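Step one of this worksheet: look at the structure below.
Note that this is a predicted model, so its numbers are computed, not measured.
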Amino acid sequence: MALIDSPTFKHLFFSSFLLLLLPLSSSYSDVFESWCKEHGKTYASQEEKLHRYRIFEDNHAFVTHHNAMENSTYTLSLNVFADLTHHEFKATRLGISTLASATFRQVLARPRPLAAVPASLDWRKEGAVTPVKDQGSCGDCWAFSATGAIEGINKIFTGSLVSLSEQELCDCDKSYNNGCGGGLMDYAFKWVIKNHGIDTEEDYPYKARDGSCLKDKMNRHVVTIDDYVDVPPNNEEQLLQAVAAQPISVGLCGSERAFQLYSKGVFSGPCSTSLDHAGLIIGYGSENGVDYWIMKNSWGKGWGMGGYVHMLRNSGNSEGVCGIYKLASYPTKTSPNPPPSPSPSPTKCSLTTYCPSGSTCCCTWRIFGLCLSWSCCGLESAVCCKDNRYCCPHDYPVCDINTKHCLKGTGNSTRVKGLERSYSMKSSAWNSLFEVWGL
């Protein structure tokens, strides 16, 4: 009886019982295995795999039911999000700040004069759109929408397409925006203006999580904008005029289950007009007599049409399908970008030793108060842990050397993984001398 009542026995029995249920839906099992292989999905345990299988099965039924409907303008598929519940999807892939959107109007709307526009337009064909990006499980769609709009106007004004850093916005734009916790494109534009520019994606790469602002990279003003403009809300004609001139940031409701599993065609809803997501309109056109907007999303190429969606245009709804006319804005650019910044100077540890720029010198060997050996922490203003191996961000200043993690404070369980230090470098003029000394 003791064995039967043990937690281990119960766990094994329950797991075996669950696995016995798997063949009941064997008609889906081959599809699921193929889907896992296609999207590189692996799971930590058989229980987790079965759990995801059941969700996949439910999404499969939803997709099949929708695609059997007559007269639908779009189709669904078992895309990269097919093993997520609708609740899980909504919790990780959105990011418009509802509080910010209630008070977002910072600039008086300046409508464009009405003018003739082409029957169709795609800014990708003009080289003004960077490849599709993926925000991951971070609610910073606002940052991707904002950088996309800045990338577009920069290409149009300068002739150069430069992929810009969403991570910089997440880490450094904290006046109104909140990184993975949500934000707004207008506030991002305002921050870039105040900062006198924004760095590149290559120099300040995306991490899909909040981090400490890298001040040296924040001061690399590769691309600038001069102002931003809000398209009058619920004005389809003014939005059309704006898109004819450049890619436009928009808010929308992206939390519908059909939007999660969208595959192709003109998305026409039904959907709420309560805004919770952001995208970038990069053109417009028509398909079988149905008008649409071309919207670039930030969910990777495994969603929609290689990361894009066609949203219904001329729907008759003043707010637009999924509220796409409620929160449109764009940056303006009238000044050239600054010349390239000089390479930042290394961080000096001692007369003869230095670390790369943007890093912190940490002493690893001290005698009588004099440091004889240095290592480098790849973070600015970091805390050097006493184990002489790890370091912590300045906003996680408590080193837990047993678990190699950094804590917000004593007694605060909020933590990040500690960063292992690297070797410092010696000035070239002293290299031969230190080699003789064996240092």
Side-chain angles (χ1 to χ4, degrees), residues 138 163-174 179-180 195 197-222 340-410 412 414-439:
C138 172
S163 184
L164 301 175
S165 176
E166 295 81 21
Q167 192 65 46
E168 181 177 0
L169 291 176
C170 279
D171 294 349
C172 307
D173 176 14
K174 297 296 186 180
C180 293
N195 191 57
I198 185 172
D199 199 6
T200 64
E201 184 91 40
E202 181 180 13
D203 189 50
Y204 202 144
Y206 189 60
K207 304 295 185 184
R209 63 179 185 272
D210 291 322
S212 300
C213 181
L214 304 179
K215 298 293 181 62
D216 62 319
K217 296 181 184 295
M218 186 183 77
N219 292 326
R220 296 177 195 173
H221 308 140
V222 179
S341 302
S343 299
S345 301
T347 302
K348 191 173 182 179
C349 303
S350 67
L351 182 63
T352 60
T353 313
Y354 64 93
C355 288
S357 62
S359 59
T360 301
C361 294
C362 293
C363 185
T364 56
W365 182 28
R366 189 184 301 273
I367 297 180
F368 302 122
L370 179 66
C371 186
L372 300 181
S373 178
W374 297 88
S375 59
C376 304
C377 177
L379 299 170
E380 193 173 34
S381 303
V383 174
C384 303
C385 298
K386 292 182 179 180
D387 63 354
N388 294 330
R389 290 189 58 192
Y390 290 87
C391 56
C392 291
H394 66 86
D395 49 351
Y396 288 81
V398 179
C399 297
D400 185 340
I401 59 177
N402 294 321
T403 65
K404 302 178 178 60
H405 279 85
C406 309
L407 308 179
K408 273 283 188 183
T410 304
N412 189 329
T414 305
R415 65 180 189 171
V416 296
K417 189 175 182 180
L419 184 68
E420 192 163 3
R421 304 181 202 171
S422 60
Y423 291 107
S424 61
M425 294 166 279
K426 295 182 176 67
S427 300
S428 57
W430 292 80
N431 278 349
S432 58
L433 179 59
F434 277 91
E435 287 173 2
V436 172
W437 290 349
L439 295 178

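Counting non-hydrogen atoms of neighbouring residues, nucleotides and ligands closer than 6.0 angstrom, the CD atom of Glu420 exceeds 12 such neighbours. Within 6.0 Å of atom NZ in Lys215, 12 or fewer heavy atoms from other residues, nucleotides or ligands are found, so the atom counts as exposed in its surroundings.
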Set out, in order, the CA-CA distance, both residues' side-chain angles and the distance that settles side chain to side chain contact (heavy atoms under 4.5 Å, CB included) for Lys417 and Lys404, then state yes or no. CA-CA 6 Å; Lys417 189 175 182 180; Lys404 302 178 178 60; 5.9 Å; no

Working note: Ile198 + Leu169, criterion side chain to side chain contact (heavy atoms under 4.5 Å, CB included); need CA distance, chi angles, decisive distance, verdict. CA-CA 8 Å; Ile198 185 172; Leu169 291 176; 4.1 Å; yes

Step by step, work out the disulfide bond (SG atoms under 2.5 Å apart) result for Cys361 and Cys355. CA-CA 6 Å; Cys361 294; Cys355 288; 3.8 Å; no

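Looking at Thr353, its side chain never comes within 3.5 Å of a backbone N or O of Ser350 through a donor-acceptor pair. No donor-acceptor pair under 3.5 Å is formed between the side chain of Glu201 and the backbone N or O of Ser163. With hydrogens and angles ignored, the 3.5 Å screen pairs a side-chain donor or acceptor of Thr360 with a backbone N or O of Ser381. At least one donor-acceptor pair under 3.5 Å links the side chain of Tyr204 to the backbone N or O of Leu214.
Within the model, atoms OG of Ser165 and CG of Asp203 stand 8.0 Å from one another, a figure rounded to the nearest 0.5 Å. Here Glu168 contributes atom CD and Arg220 contributes atom CZ; the two are 10.0 Å apart, rounded to the nearest 0.5 Å. The CG atom of Leu419 sits 12.0 Å away from the CZ atom of Arg389 when rounded to the nearest 0.5 Å.
Nearest heavy-atom pair across Ile401 and Cys385 is CG2-CB, 4.3 Å. Taking each heavy atom of Asp199 and Val222 in turn, the nearest pair found is OD1-CG2, 3.6 Å.
Side chains of Cys363 and Trp374 form a contact here, defined as non-hydrogen atoms less than 4.5 Å apart. Looking at Glu380 and Cys213, their side chains never come closer than 4.5 Å, going by heavy atoms from C-beta outward. Considering only heavy atoms from C-beta on, Asn195 stays 4.5 Å or farther from Asp173 through its side chain. At least one side-chain heavy atom of His394 sits under 4.5 Å from a side-chain heavy atom of Ser212. Contact of the Arg421 side chain with the Asn388 side chain is registered, since non-hydrogen atoms from C-beta on lie closer than 4.5 Å.
Geometric assessment of Lys408 against the ring of Tyr396 yields a positive cation-pi assignment under the 6.0 Å and 45° thresholds.
Look at Arg415 and Asp400 and you find no salt bridge, because none of the NZ, NE, NH1 or NH2 atoms lies under 4.0 Å from a carboxylate O.
Taken as a pair, Cys399 and Cys406 fail the criterion of an SG-SG distance shorter than 2.5 angstrom.
Cys362 pairs in a disulfide bond (SG atoms under 2.5 Å apart) with only one of the listed residues (Cys384, Cys376, Cys377), which is Cys384.
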